[in-house]
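Here the structure is a predicted model, which means the values were calculated and not measured.
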Amino acid sequence: MIRDWGASAARALRRPSAPVTHTLIVLCCAVFLMGPASGLDPGYGSGEELPAAQRSYFRHWGVIPAELFEGSPGAALTPVTALFVHGGWVHLLGNMLFLHVFGTMAEARMGRLQFLLFYVGCGYLALLGYAAVHLDSEQSVVGASGAISAVLGAFLFLFPRARVTSLLPFLFFLPVRFPAWVVLPFWAVLQWLAALPASDGPGVAYLAHLVGFGLGFCCAWARFQGATTVRAAPAPAPEGENQP
């Protein structure tokens, strides 16, 4: 019996239900609020103590490329734990907004378990790819941007005609609606330009964004190639991206 992917996806999009996406958002927010980056837990100290606690926290839970390939089981798990750790309020809120807007529709299309495996797997490989290029780096990398970039890549394949609301600086930040096939490749080009050695700033793993985006698109293509294309409902999204 041939499954009608188009009809099932259309029904899911009319009644969006994305428990995995919402659970991931809750977990990321809970981890952030309990950690030193939020500045809300007095147990991490204040003044000069707080930045030191934050650095120690990021080194423990984040990816350190110079240590990742040394064979330590603990280091091998850090590309997973790093997905739930964020460096600040702007970093967290920006990532969670992107995950909510794009993840809800992607999960409805993929299914819950498949979306969870996709999110964690692509996030892991995105950070692994970044670490492989920066083998000598001692700087810790944290955040869900690699996994969320994979969601954007999958969204581009699954919903290329979905209209995305963007804020463009050269238009005085007026909201403009474009199809996903225009907005998301443009976003990817910006990440590529930012990832160039001359402009790759500390703590901003733009390469992980690119790896995740490419993985997400390829995974969606491999899994849903030939399935019925669904014309998605409009999906608003902010312009810009944060470091993982």
Residues that C28 engages under side chain to side chain contact (heavy atoms under 4.5 Å, CB included), provided they are two or more places apart
F84, H86, L92, M96
Could you pull out all residues at least two apart from L215 that satisfy side chain to side chain contact (heavy atoms under 4.5 Å, CB included)?
C122, L125, V211
Apart from L117 itself, which Ile, Leu, Val, Met, Phe, Trp or Tyr residues share its cluster (side-chain heavy atoms under 4.5 Å, direct or through members)?
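Answer for L117: L113.
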Return the set of residues passing side chain to side chain donor-acceptor pair (under 3.5 Å) with T21 (not counting sequence neighbours), or none when no residue passes.
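T21 satisfies side chain to side chain donor-acceptor pair (under 3.5 Å) with E107 only.
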Side-chain touch L210/S149, heavy atoms, less than 4.5 angstrom:
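Of all side-chain heavy-atom pairs linking S149 with L210, none is under 4.5 Å.
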Find the distance between [atom1] ([X]) and [atom2] ([Y]) and round it off to the nearest 0.5 Å.
X    : Y    : atom1 : atom2 : result
L184 : L152 : CG    : CG    : 5.5 Å
C218 : R223 : SG    : CZ    : 16.0 Å
T23  : L116 : OG1   : CG    : 9.0 Å

Name all residues meeting the ring pair (Phe, Tyr, Trp, His ring centres under 6.0 Å) criterion together with F217; count only those two or more places apart in sequence or in a different chain, and write none if there are none.
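Checked F217 against ring pair (Phe, Tyr, Trp, His ring centres under 6.0 Å); matches are F157.
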For F213, check ring pair (Phe, Tyr, Trp, His ring centres under 6.0 Å) against everything at least two apart and list the hits.
W187
Please tabulate, one pair per line, all N/O donor-acceptor pairs under 3.5 Å involving side-chain atoms of residues 60-77, not counting sequence neighbours.
unit_1	atom_1	unit_2	atom_2	d
E67	OE2	R59	NH2	3.3
S72	OG	G74	N	3.4
S72	OG	A75	N	3.4

Selection residues 28-54 - residue pairs positive for ring-ring contact (aromatic ring centres under 6.0 Å, His included), sequence neighbours left out
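Output for this query lists F32-W89.
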Kindly state each residue pair satisfying salt bridge (Lys or Arg N to Asp or Glu O under 4.0 Å) with at least one member in residues 34-45, sequence neighbours excluded.
none
